[in-house]
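Written out below as structure tokens is the structure these notes cover.
The sequence lines fix the lettering, A, B, ..., with proteins before strands; numbering per chain opens at 1. Just so it is clear, the values below take in all heavy atoms, side chains as well, and ignore hydrogens, waters and symmetry mates.
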Amino acid sequence: MVDRPSLVAGLLGLAGSLILLAASRGLPRSPLVPIGPEFYPRLVFGATAVLSALLVVQSLRARPAAPGRPAEYRRVVGTFLAFALYVGVMPALGYRLATLLFVLGLQVLLEPPRHGRQWARVAAVAVATTAATYLIFERYLSVLLPRGRLTGF
Amino acid sequence: MLGPLAGSLAEILQPQYLGPLALGTLAGLIGGALPGVTITMTIIIVLPFTFGLDPLQGLAAMIGVYVGGESGGLVTASLLGIPGTPSAVATTFDGFPMARRGEPGRAVWLGTWASLFGGVLGAVFLIAATGPLARFALQFGPWEYFSLFIFALSMVAGVTGRSLVKGFLSGAVGLVITVIGQDPIMSVPRFTFGSDLLRAGFQFLPVLIGVFAFAQIMSDLERPGRDAARERLTTPSLRVSHLAVIWDIVRRPFLLAWSTVIGLLIGVLPAIGGSAANVMAWDQARKFSRHPEKFGTGIPEGIIASEAANNANVAGSLVTIMAFGIPGDAVTAVMLGAMIIHGIQPGPLFMTTEPRVAYGIFAAYLLAHPVMLVLQWLLARVYLRVVQVPRAVLVPVVLVLCVIGAYALNNTMDNVYALLLFGLLGYGLVKAGLPLAPLILGVILGDQIEINLVRSLMTDADPRLFFTRPISGAMLALSALSVALGLWQHRRQARRAAGAEEPGGDF
């Protein structure tokens with residue numbers, strides 16, 4: 001019986017720490033300083049490697065947890081993608097346009113509107129969020145938000 | 001001590017400070033009342049709003065969020081049986097039955113007044129203990145700091161989560177994250193793989209926001225949503241004789257005192273927060289009661305214990321951050337970030353170098369409680385309306401505010417990309433069953449751990465000094481003890497059936 005998520009985490013941790021340990025060979029050592037910049041990282045990577053190995057062992061011996069409600073990943077993946085798009089597009093389109101599209105799009109993704117009134121609410125929330133955050137942060141709090149490269153807006 | 005305090009109280013009462021304090025408390029009350037929005041999330045959302053304010057204004061707002069948040073949860077806990085925050089779980093045990101019995105006002109106001117009393121008593125401890133603790137910490141050399149941080153990490157890794165290995169691994173990953181970037185002593189770029197983004201290293205606020213906010217939101221999105229149309233909630237009348245409620249609390253002084261102490265102790269310990277304090281206080285109250293079988297049926301003791309403890313917990317967390325510079329939980333971690341952004345250096349010297357800010361924090365914490373009371377009185381009926389906001393609206397808005405928070409840190413998109421990266425990491429950790437608290441503590445403390453370790457070894461290469469120096473040795477012993485305690489607890493838990501663990505709770 002295997003606890004798969006932990007196993008994956010352990011293996012990733014092991015791989016990552018070993019790669020980083022290898023990378024630490026290249027760090028320059030200064031003769032002036034008895035302890036070089038690779039000392040502490042090696043300790044940390046070593047500890048991570050050991051703990052990851054322990055986790056792998058533990059997960060191979062584990063009893064699987066009682067299955068709970070099945071998780072629905074569609075919304076999770078959708079939200080991550082929407083967010084990645086939002087963040088990727090912001091330098092090009094600017095904060096205001098990107099935020100408007102994001103809030104609009106994500107609401108529709110999470111709870112597809114079924115009739116006119118719901119669409120109106122979705123649009124209103126998107127506009128209100130963009131306008132309110134822009135005004136409060138830029139005008140009132142002097143926090144400058146990004147302008148778009150392509151739109152200049 | 002009372003002189004500067006009185007001065008700070010007068011200062012905070014001015015509108016430019018009272019305003020942010022009140023707004024923060026309001027945000028905290030609402031965020032606390034909303035199930036699925038934790039106090040950590042609320043303070044993350046409030047953080048960007050504080051950037052344009054002066055440090056004391058920003059801190060006043062955040063303290064307001066903290067105090068309001070610990071109290072807001074009790075409304076939905078009592079009226080709906082759903083705790084608004086993990087700090088109000090135990091309040092549902094007696095608050096909800098009491099409300100259902102026809103005494104909703106009494107339940108809500110017992111909780112609110114108990115929050116006030118617990119918080120104010122906690123303030124006494126906060127004001128009295130921080131100075132001496134800070135002075136004690138001034139004796140620390142790099143060995144003591146290193147051991148203190150190791151103790152904090154082992155405490156967190158040992159006590160949270162289901163597996164000791166996972167806890168420590170999470171902390172180690174946090175340390176790995178801080179290793180990337182420039183070495184704190186010689187500024188040698190490390191593990192940057194030629195990337196400019198990695199060269200500067202990761203700031204802990206985007207990591208914290210990404211990890212906590214995304215973990216919480218995504219875990220919530222995994223579950224099917226509530227059908228809002230079916231729930232039409234009307235608020236019952238909450239009228240109650242306040243004097244009777246206050247008498248209910250005041251005539252049980254030992255209950256109040258002991259719950260406050262529990263809250264304070266848990267607050268002082270790093271990374272354990274209100275979610276543990278309220279349950280433990282309720283449990284303790286039941287153990288000491290002459291009629292333990294009545295707990296859970298709707299008795300005032302249950303509500304008083306839970307709510308006094310979770311507010312006192314705030315005071316305890318503030319002590320830790322003000323005296324040692326170590327966050328007592330995720331909320332104070334965000335406050336720590338805000339302080340650093342404003343150029344304030346937390347640590348044992350904080351009290352002496354920034355007395356105005358320090359006493360301002362004390363005053364803000366004290367004043368947040370009556371403010372909370374007034375707002376609660378005005379708002380209690382509005383909450384249930386707010387709770388019905390659909391998550392399709394809440395999620396995008398919260399994410400936008402997180403982006404602003406990350407972007408505003410230094411006006412580059414780098415921190416926003418970091419947000420996404422650590423959001424993925426945080427969610428991945430939750431799926432793997434790794435606790436988040438050790439990771440965050442690792443990220444916060446990582447550089448300091450390295451600096452102190454290297455400094456102590458460069459001063460004197462003898463590693464035995466970590467054990468022979470009394471304070472350092474004591475803390476390492478406590479670390480070992482907490483690991484042992486964690487092992488014992490997990491062995492005990494492993495014998496019982498494994499229950500589902502809520503991810504992303506308030507630490």
Side-chain angles (χ1 to χ4, degrees), chain A residues 3 5-6 8-10 13 16-17 20 23-24 27-28 30 33-35 37-41 44-45 47-48 51-52 54-55 58 65-66 68-69 71-73 75-76 79-80 83-84 86-87 90-91 99 102-103 106-107 110-111 121 125-126 129 133 136-137 140-146, chain B residues 48-49 51-53 163 165-166 168-169 172-173 175-176 179 183 185-186 188 190-191 193 214 217-218 221-225 390-393 395-397 399-401 403-404 407-408 411 413 416-417 419-420 423-424 427-429 431-434 446 449-450 453-454 457-458 461 497-498 500:
Chain A
D3 174 2
S6 301
V8 171
S17 39
L20 287 168
S24 70
L27 284 174
S30 158
V33 177
I35 298 179
E38 82 293 342
F39 171 68
Y40 173 76
V44 171
F45 299 147
T48 312
L51 287 165
S52 304
L54 279 174
L55 184 62
Q58 207 180 59
R69 276 173 310 216
E72 300 170 22
Y73 290 109
R75 282 184 293 266
V76 172
T79 307
F80 267 123
F83 188 76
Y86 172 44
V87 162
M90 201 187 293
T99 304
F102 173 67
V103 177
L106 190 54
Q107 282 184 88
L110 292 179
E111 212 177 274
R121 185 211 72 191
V125 167
T129 309
T133 51
I136 297 178
F137 283 97
Y140 189 59
L141 294 173
S142 309
V143 172
L144 292 175
L145 299 166
Chain B
F49 290 96
F51 287 155
L53 306 172
S163 151
V165 171
K166 287 187 179 180
F168 276 107
L169 183 58
V173 171
L175 294 180
V176 168
V179 163
D183 135 41
I185 299 174
M186 304 283 284
V188 169
R190 294 189 297 200
F191 313 108
F193 302 107
F214 279 76
I217 292 176
M218 296 306 173
L221 283 178
E222 281 177 12
R223 291 175 240 141
R391 70 181 177 187
V393 171
V395 169
V397 174
L399 287 177
V400 167
L401 288 169
V403 166
I404 297 180
Y407 179 77
N411 280 6
M413 288 299 289
V416 182
Y417 300 139
L419 199 63
L420 177 61
L424 287 164
Y427 183 60
L429 288 179
K431 296 313 289 179
L434 270 73
I449 292 181
E450 174 166 16
L453 178 64
V454 175
L457 287 176
M458 290 220 270

Closest contact, heavy atoms only, [X] versus [Y]:
| X | Y | result |
| --- | --- | --- |
| M90(A) | V403(B) | CE-CG1, 3.7 Å |
| Y417(B) | P91(A) | OH-CG, 3.6 Å |
| L221(B) | R75(A) | O-NE, 3.0 Å |
| A9(A) | A432(B) | CB-CB, 3.6 Å |

Validation row: [X], [Y] side chains within 4.5 angstrom (heavy atoms):
| X | Y | result |
| --- | --- | --- |
| T79(A) | F214(B) | no |
| K431(B) | S6(A) | no |
| Y86(A) | L399(B) | no |

So which part of [X] gets closer than 4.5 Å to some heavy atom of chain B, the side chain, the backbone, both or neither?
| X | result |
| --- | --- |
| V125(A) | side chain |
| F45(A) | side chain |
| T48(A) | both |
| T129(A) | side chain |
| Q107(A) | both |

Test side chain to side chain contact (heavy atoms under 4.5 Å, CB included) applied to L110(A) and R391(B), step by step: CA-CA 8 Å; L110(A) 292 179; R391(B) 70 181 177 187; 5.5 Å; no
Interface moiety of [X] toward chain A, non-hydrogen atoms closer than 4.5 Å:
| X | answer |
| --- | --- |
| L429(B) | neither |
| M218(B) | both |
| L453(B) | side chain |
| V165(B) | both |
| F168(B) | both |

Picking from [options], which has the most non-hydrogen pairs under 4.5 angstrom with chain A?
| options | result |
| --- | --- |
| L424(B), I449(B), V416(B), L401(B) | L424(B) |
| L434(B), N411(B), L419(B), I404(B) | I404(B) |
| V393(B), V395(B), V397(B) | V393(B) |

L169(B) vs S52(A), side chain to side chain contact (heavy atoms under 4.5 Å, CB included): CA-CA, chis, key distance, verdict: CA-CA 7 Å; L169(B) 183 58; S52(A) 304; 3.6 Å; yes
Inter-residue atom distance L457(B).CG - F39(A).CZ, 0.5 Å rounding: 5.0 Å
